[in-house]
Amino acid sequence: MKLATWNINGVKARIETALAWLDLEKPDVVCLQEIKSVDEGFPAADFENLGYTVVTHGQKGFNGVAILSKLPIEDVMRGLPGDDGDVQARYIEATIAPQVMSGLANGGGQAAVGQAAVGQAGFGRAIRLGCLYLPNGNPLGTEKFPYKLGWMARLETHARRLLNGEMPVVLAGDYNVIAEPADAKRPEVWTGDALYQPESRAAWRRLVNLGYTDAVRACHPEPGIYTFWDYQAGAFQKNDGIRIDHILLSPQAAGLLRSAMVAKDARAMEKPSDHVPVVVDLG
DNA sequence: ATGCCTACTACAAGTAGA
């Protein structure tokens, strides 16, 4: 199963870009962040035309997350547990169910045919998938930074609880954390930024240390891999980026990891998001 | 030092992003 996460920076303004990339890469499951749309305004039909089922957790003007899946979506949960007063739409979680065998419908009727179809096009096992847009936290000195840290504490609590379940867990999204110096072209310019504060990085490490694997780092130990480049000052042309979009895998999910990559080419598309997709292949 | 750029809201210029 090919699973991608992408901060799309406005799904309505970016719909042609999104559809072009999906048509090219054909991921089975996609987590979108910063859809900047209410649920009713989400262009679901455009994605359904590509074969996706769509679930959203939208908000007017900013934030907003969505999951697109060619496999069945079940048991959708909107919002990160732990604070009923938090109205920001930054988390949606669902079970991606195994592909339904359709061998009989095709006149096959043999079990081997059905299994081959699952192994090729789908996935034999359900996963629990969280799609998250972690608060930015800037500027420091405002209520935004403690909100970020509080959100990360809630995420840690929830991620620990998910490990007690039976399903492999995938937590994918825009974490808004530069975890290591190697995750920025110029780490020194981020020292006063919420993304690179010791508290933000420590909270990230606590999350990973629960037993999650950073899929891209596990497959690519080399520095210089980024997922975000500012629109300003020619940042992409200078490769002046940061790696803040991540896919974390529980031990069971990590056992399924075949490959992970950052779709850097998406930043060179027409009307790009400032983030690019991160993709894993889980077998 | 600041803005550089982009989306959204709402219709101007402010909020938000990272």
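A, B, ... follow the sequence lines: proteins, then strands. Residue 1 opens every chain.
- A/Tyr133 comes within 4.0 angstrom of sugar-phosphate atoms only, judged by non-hydrogen atoms across all strands, and of no base.
- The nucleotide whose nearest atom lies closest to any side-chain atom of A/Lys12 is, among B/dT6, B/dA18, B/dC8, B/dC8.
- Between A/Trp229 and A/Phe236, the two ring planes are perpendicular [angle over 60°; tilted spans 30° to 60°].
- Ranked by how close their nearest DNA chain B nucleotide is to the 5' end, A/Pro272 and A/Asn176 are led by A/Pro272.
- Comparing A/Asn63 and A/Ala233 along DNA chain B, the residue whose closest nucleotide (by nearest heavy atom) sits nearer the 5' end is A/Ala233.
- At whole-Å resolution of the value, CE in A/Met269 and P in B/dT6 are 16 Å apart.
- B/dA10 and B/dC5: their P atoms are spaced 26 Å apart (whole Å).
- Nucleic acid contact class of A/Asp174 (heavy atoms, under 4.0 Å, all strands): sugar-phosphate only.
- The residue A/Asp274 sits apart from the nucleic acid: no heavy atom pair falls under 4.0 Å.
- B/dC4 and B/dT15: their P atoms are spaced 15 Å apart (whole Å).
- Put simply, A/His275 has a side-chain N or O that comes within less than 4.0 Å of OP1 or OP2 on B/dA18.
- Using a distance-only test at 3.5 Å, with no hydrogens or angles considered, a donor-acceptor pair links the side chain of A/Arg90 to the main chain of A/Tyr133.
- Taking the P atom of each, B/dG14 and B/dA1 are spaced 23 Å apart, rounded to whole Å.
- The side chain of A/Arg14 approaches B/dA7 more closely than any other nucleotide in the set B/dG17, B/dA18, B/dA7.
- Set against B/dC5, B/dA18, B/dA7, the side chain of A/Asn9 has B/dA7 as its closest nucleotide.
- With both ends at atom P, the span from B/dA12 to B/dA18 equals 29 Å, rounded to whole Å.
- Residue A/Gln33 is tested with A/Thr5, A/Asn7, A/Asn63 for a side chain to side chain donor-acceptor pair (under 3.5 Å); the sole match is A/Thr5.
- For B/dA18, its base sits under 3.5 Å from the side chain of A/Asn136 at one donor and acceptor pair at least.
- By the neighbour-count criterion of 12 heavy atoms within 6.0 Å, atom CD of A/Glu222 is densely surrounded, having more than that number from other residues, nucleotides or ligands.
- For CD of A/Glu270, the number of neighbouring non-hydrogen atoms (other residues, nucleotides, ligands) closer than 6.0 Å is 12 at most.
- Using a 4.0 Å heavy-atom distance criterion, A/Lys148 is classed as making no nucleic acid contact.
- Closest to the A/Lys144 side chain, of the nucleotides B/dA18, B/dG17, B/dC4, is B/dG17.
- Taking only side-chain nitrogens and oxygens, A/Lys271 comes nearer than 4.0 Å to OP1 or OP2 of B/dA7.
- Note on A/Arg186: nothing from the nucleic acid sits closer than 4.0 angstrom, heavy atoms only.
- Between A/Gln59 atom CD and B/dG17 atom C1' there is a gap of 14 Å when expressed in whole angstrom units.
- Contact annotation: A/Asn138 side-chain N/O to B/dA18 OP1/OP2 distance is not under 4.0 Å.
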_Before you tell me yes or no, could you show the steps for A/Glu93 and A/His158 under side-chain hydrogen bond (donor to acceptor under 3.5 Å, both in side chains), namely the whole-Å CA-CA distance, both residues' side-chain angles and the distance that decides it to 0.1 Å?_
CA-CA 11 Å; A/Glu93 183 181 296; A/His158 186 62; 2.6 Å; yes
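- Stretches of at least 3 consecutive Watson-Crick or G-U wobble pairs, with each checked distance under 3.5 Å, appear in DNA chain B as B:5-9 with B:13-17.
- Residue A/Lys60 has its side chain nearest to B/dA10 when only B/dA16, B/dA18, B/dA10 are considered.
- Side chains of A/Leu171 and A/Leu162 form a contact here, defined as non-hydrogen atoms less than 4.5 Å apart.
- More than 12 non-hydrogen atoms from other residues, nucleotides or ligands lie less than 6.0 angstrom from CG of A/Asn49.
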